[in-house]
Enquirer: 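Before anything else, here's the structure in question.
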Amino acid sequence: MKRKGTVTINDIARHVGLTNITVSRAFKHPDKVKSATRERILAAARELGYVPNAFASQLRSSQSRLIGVVIASIDNPFYSEAIKAISRDAKARGYDILLMDTDGDSNIEAAAIQTLLSYQVAGIILSPVSDALDYLPAYIEILREAQLPVVMLDRTLPVEDFPQVVLDNCKAGWLLGNAMLKRNLDQALVLTGPASSYITRQRLKGIEDAYGQANASIKLDRREGLYNFEPAYDAVVRYLSESGQPSAIVGLNQLMTLGALSALHDAGISYHDATVLGVDQLPYCGIFDIRIPTTRFDASHAGHQAIHLLLARIANPTAEPQRVVIDASMD
């Protein structure tokens, strides 16, 4: 196999047994190639490591009207709201979006980036699978070489040349800590994301800062997860079996808080009998008169800011990268 970067249209054509014209059309005019044929060609391109040489010049000329959105989990209500805003603003500017859900898998994420390059998107809004400081996927250099405009949303990679829309996670934790102080809590079971996650560390720091400023102490029993429902549910079930009902449960995002509530329900424990707090609003809970103290971020505003930064980057690729911080509030 040829070294990545030296693979040509001819190589792909031979690999799939099609003409050069068909392969070229699949990249330049994908709507003119049958879906099954196009997928064969794109799969071969990924296997061979092909990246079209014409990406950079075509992107600079703004010929593409397609924007890629790469999200770690479409299950997360925050991302769902943000994507709606991105899609509406993109359509208003004559763009369509191509959504890629990586399901938290770095291999799927890398493949998604290659697929978007194959479709010659005008730019990408990216929420990577990890925000750990040592997570530096190989596709970063591919995006740079392609001179492709990229904006990071919520989770960010440890690079400085991509614009960012981030959440004020420390303030969210601080607001949560103050809500815990008002309830005279001195210990809590906390459902977190990965220990290496910068977002996790910032939200925990905010809680601890609130207690420190009040000259109070808090014992946090941290249970690491993946910001998903199932690990949070399992963690609470184990805790109940091993230690009984906790004084309080804190979920560091919606899905983990919902996982905790579900575990309590299945154990026959009313949320009225356990203090449950969380980061991010719980969608539709108000319909059932369930009132849980939560901090919130305006996900729609985050989406608007992300697409605004991306379109600005497409218009002026040499502009200095900006960083927008989305404020936190307490419901």
Enquirer: Answer yes or no: is there a donor N or O on one side and an acceptor on the other, between the side chain of Gln120 and the main chain of Leu66, under 3.5 Å?
Expert: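 Checking the backbone N and O of Leu66 against the side chain of Gln120, no donor-acceptor pair under 3.5 Å is found.
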Enquirer: Closest approach of Leu153 and Ala306, non-hydrogen atoms and distance?
Expert: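 Shortest heavy-atom contact: CD1-CB, 4.4 Å.
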Enquirer: Do you see a donor-acceptor pair shorter than 3.5 Å between the side chains of Ser217 and Tyr211?
Expert: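 Side chains of Ser217 and Tyr211: no pair found under 3.5 Å.
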Enquirer: Verify the distance criterion only: is there a donor paired with an acceptor across the side chains of Asp131 and Ser197 at less than 3.5 Å?
Expert: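 Judged by distance alone, the side chains do pair up.
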Enquirer: Using only atom types and a distance under 3.5 Å, with no angle test, would you say the side chain of Arg88 pairs donor to acceptor with the backbone of His304?
Expert: no
Enquirer: Roughly how far apart are Leu264 CG and Asp273 CG, rounded to 0.5 Å?
Expert: 9.5 Å
Enquirer: Please name the pair of heavy atoms, one in Ala172 and one in Val279, separated by the smallest distance, quoted to 0.1 Å.
Expert: CB-CG1, 4.4 Å
Enquirer: Distance from Tyr233 atom OH to Leu191 atom CG, nearest 0.5 Å?
Expert: 13.5 Å
Enquirer: So does Arg323 have more than 12 non-hydrogen atoms from other groups sitting under 6.0 Å from CZ?
Expert: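 12 or below, so no.
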Enquirer: When you compare the side chains of Thr192 and Tyr227, does any donor N or O come within less than 3.5 Å of an acceptor on the partner?
Expert: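 Looking only at side-chain atoms, Tyr227 and Thr192 do not form any donor-acceptor pair under 3.5 Å.
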Enquirer: Judged by modelled atom types alone, do Tyr79 and Asp154 share a side-chain donor-acceptor pair under 3.5 Å?
Expert: yes
Enquirer: Do Tyr135 and Ile108 share a hydrophobic cluster (ILVMFWY, side-chain heavy atoms under 4.5 Å, transitive)?
Expert: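 No, Tyr135 does not connect to Ile108 through the hydrophobic network.
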Enquirer: Do Ser130 and Pro128 have side chains that get closer than 4.5 Å, going by heavy atoms?
Expert: no
Enquirer: Would Thr318 and Asn316 satisfy side-chain hydrogen bond (donor to acceptor under 3.5 Å, both in side chains), going step by step from the backbone distance to the final call?
Expert: CA-CA 6 Å; Thr318 62; Asn316 184 9; 3.0 Å; yes
Enquirer: Look only at the side chain of Asn228 and the backbone of Glu230, and say whether a donor-acceptor pair between them is shorter than 3.5 Å.
Expert: no
Enquirer: Decide if atom CD of Gln322 counts as having more than 12 heavy atoms of other residues, nucleotides or ligands within a radius under 6.0 Å.
Expert: no
Enquirer: Might you work through the side-chain contact (heavy atoms from CB on, under 4.5 Å) test for Asp96 and Ile67, ending with a clear yes or no?
Expert: CA-CA 6 Å; Asp96 291 313; Ile67 287 171; over 6 Å; no
Enquirer: Which value, rounded to the nearest 0.5 Å, describes the distance between Leu176 atom CG and Leu252 atom CG?
Expert: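 Nearest 0.5 Å value for the CG-CG distance: 7.5 Å.
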Enquirer: Check whether Tyr198 and Leu157 end up in the same hydrophobic cluster, where Ile, Leu, Val, Met, Phe, Trp and Tyr are linked by side-chain heavy atoms less than 4.5 Å apart.
Expert: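 No, it is not one cluster - the side chains of Tyr198 and Leu157 are not joined through contacts under 4.5 Å.
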Enquirer: Counting N and O atoms only, with roles assigned by atom type, does the side chain of Ser262 sit under 3.5 Å from a partner on the main chain of Leu258, one being a donor and the other an acceptor?
Expert: no
Enquirer: Hydrophobic cluster membership, with links at side-chain heavy-atom distances under 4.5 Å among I/L/V/M/F/W/Y: are Met330 and Leu204 in one?
Expert: yes
Enquirer: Go through it in stages, so that I can follow the logic: the residues are Gln164 and Val324, the test is side-chain contact (heavy atoms from CB on, under 4.5 Å), and I'd like the CA-CA distance, side-chain angles, deciding distance and then a yes or no.
Expert: CA-CA 6 Å; Gln164 305 175 3; Val324 174; over 6 Å; no
Enquirer: Are Ile307 and Tyr95 packed together at the side-chain level, in the sense that at least one heavy-atom pair is separated by less than 4.5 angstrom?
Expert: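 Ile307 does not reach Tyr95 side chain to side chain.
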Enquirer: Could you report the tightest heavy-atom contact between Asp101 and Ser73, atom names first, then the distance?
Expert: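 Looks like OD1-CA, 3.5 Å.
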Enquirer: Side chains of Val236 and Leu189: closer than 4.5 Å at any heavy-atom pair?
Expert: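 They are in contact (side-chain heavy atoms under 4.5 Å apart), so the answer is yes.
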Enquirer: Looking only at side chains, do Gln187 and Asp221 share a donor and an acceptor under 3.5 Å apart?
Expert: no
Enquirer: Determine the sole option in Thr295, Asp209, Asp327 for which the side-chain hydrogen bond (donor to acceptor under 3.5 Å, both in side chains) test with Lys171 is passed.
Expert: Asp327
Enquirer: Looking at Leu117, Ile113, Val150, Leu116, which hits side chain to side chain contact (heavy atoms under 4.5 Å, CB included) with Tyr139?
Expert: Ile113
Enquirer: Side chains of Ser87 and Asp89: any donor to acceptor distance under 3.5 Å?
Expert: no
Enquirer: Given side-chain contact (heavy atoms from CB on, under 4.5 Å), test Ile71 with Met100 step by step and report yes or no.
Expert: CA-CA 6 Å; Ile71 297 297; Met100 313 292 282; over 6 Å; no
Enquirer: Side chains of Ile124 and Leu148: does their closest heavy-atom pair fall under 4.5 Å?
Expert: yes
Enquirer: Can you find a side-chain donor-acceptor pair between Asp105 and Thr102 that sits under 3.5 Å?
Expert: no
Enquirer: With a 4.5 Å heavy-atom cut-off, do Asp11 and Tyr50 have their side chains touching?
Expert: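 The answer is no, as the side chains (C-beta and beyond) never meet within the 4.5 Å cut-off.
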Enquirer: Minimum heavy-atom separation for Asn20 to Ile9, with atom names?
Expert: O-CG2, 3.7 Å
Enquirer: Give a yes or no answer on whether the side chain of Thr200 reaches the backbone of Gly193 with a donor-acceptor pair at less than 3.5 Å.
Expert: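 Yes, the answer is positive, given that a donor and an acceptor are paired below the 3.5 Å cut-off.
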Enquirer: Please check: side-chain N/O of Arg313 versus main-chain N/O of Val151, any donor-acceptor pairing under 3.5 Å?
Expert: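 Judged by distance alone, no pair lies under 3.5 Å.
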Enquirer: Might you work through the salt bridge (Lys or Arg N to Asp or Glu O under 4.0 Å) test for Asp280 and Arg296, ending with a clear yes or no?
Expert: CA-CA 4 Å; Asp280 296 331; Arg296 70 179 299 271; over 6 Å; no
Enquirer: Show, in sequence, the C-alpha distance, side-chain angles and deciding distance for Phe229 and Met256, and conclude whether the side-chain contact (heavy atoms from CB on, under 4.5 Å) test is met.
Expert: CA-CA 5 Å; Phe229 180 96; Met256 290 189 286; over 6 Å; no
Enquirer: Going by atom types alone, do Arg46 and Thr115 pair a side-chain donor with an acceptor below 3.5 Å?
Expert: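 Side-chain D/A pair, Arg46 to Thr115: present.
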Enquirer: How far apart are the C-alpha atoms of Arg144 and Glu141, what are their side-chain angles, what is the distance that settles it, and do they pass the salt bridge (Lys or Arg N to Asp or Glu O under 4.0 Å) test?
Expert: CA-CA 5 Å; Arg144 286 171 175 159; Glu141 288 305 321; 2.6 Å; yes
Enquirer: Is the closest side-chain heavy-atom distance between His265 and Ser270 below 4.5 Å?
Expert: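 A side-chain contact is absent here, since even the closest heavy-atom pair is not under 4.5 Å.
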Enquirer: Going from CD1 on Ile97 to CZ on Arg65, what distance comes out if it is rounded to the nearest 0.5 angstrom?
Expert: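 So the gap between those two atoms works out to 14.5 Å.
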Enquirer: Less than 4.5 Å apart, side chain to side chain, heavy atoms only: is that true for Ile249 and Pro246?
Expert: yes
Enquirer: Are the side chain of Arg183 and the backbone of Ala179 linked by a donor-acceptor contact shorter than 3.5 Å?
Expert: yes
Enquirer: Rounded to the nearest 0.5 Å, what's the gap from CD1 on Ile199 to CZ on Arg155? Could you check?
Expert: 6.0 Å
Enquirer: State whether a side-chain donor-acceptor pair under 3.5 Å links Arg38 with Tyr119.
Expert: yes
Enquirer: What is the distance from atom CD1 of Ile207 to atom CG of Leu277, rounded to the nearest 0.5 Å?
Expert: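 Ile207 CD1 to Leu277 CG: 9.0 Å, rounded to 0.5 Å.
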Enquirer: Are Leu18 and Val33 co-members of a hydrophobic cluster defined by side-chain heavy atoms under 4.5 Å apart?
Expert: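 Val33 and Leu18: separate clusters.
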Enquirer: With distance as the sole test, does Glu224 use its side chain to make a donor-acceptor pair with the main-chain N or O of Ala195 at under 3.5 Å?
Expert: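 Judged by distance alone, yes, a pair lies under 3.5 Å.
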Enquirer: Taking side chain as C-beta onward, heavy atoms only, is Leu220 less than 4.5 Å from Val250?
Expert: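 Side-chain contact under 4.5 Å: no.
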Enquirer: Minimum heavy-atom separation for Val129 to Ala72, with atom names?
Expert: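 So the minimum-distance heavy-atom pair works out to CA-CB, 4.2 Å.
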Enquirer: Can you spot which of Arg203, Arg201, Arg222, Lys219 makes a salt bridge (charged side-chain N to carboxylate O under 4.0 Å, His left out) with Glu208?
Expert: Arg222
Enquirer: Inspect the surroundings of CD in Glu160 and state if more than 12 heavy atoms from other residues, nucleotides or ligands are less than 6.0 Å away.
Expert: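 No, CD of Glu160 has 12 or fewer neighbouring heavy atoms, counting only those of other groups under 6.0 Å.
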Enquirer: Do the side chains of Ile290 and Ile287 join up, straight or via other hydrophobic residues, at under 4.5 Å, putting them in one cluster?
Expert: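 Yes, it is one cluster - the side chains of Ile290 and Ile287 are joined through contacts under 4.5 Å.
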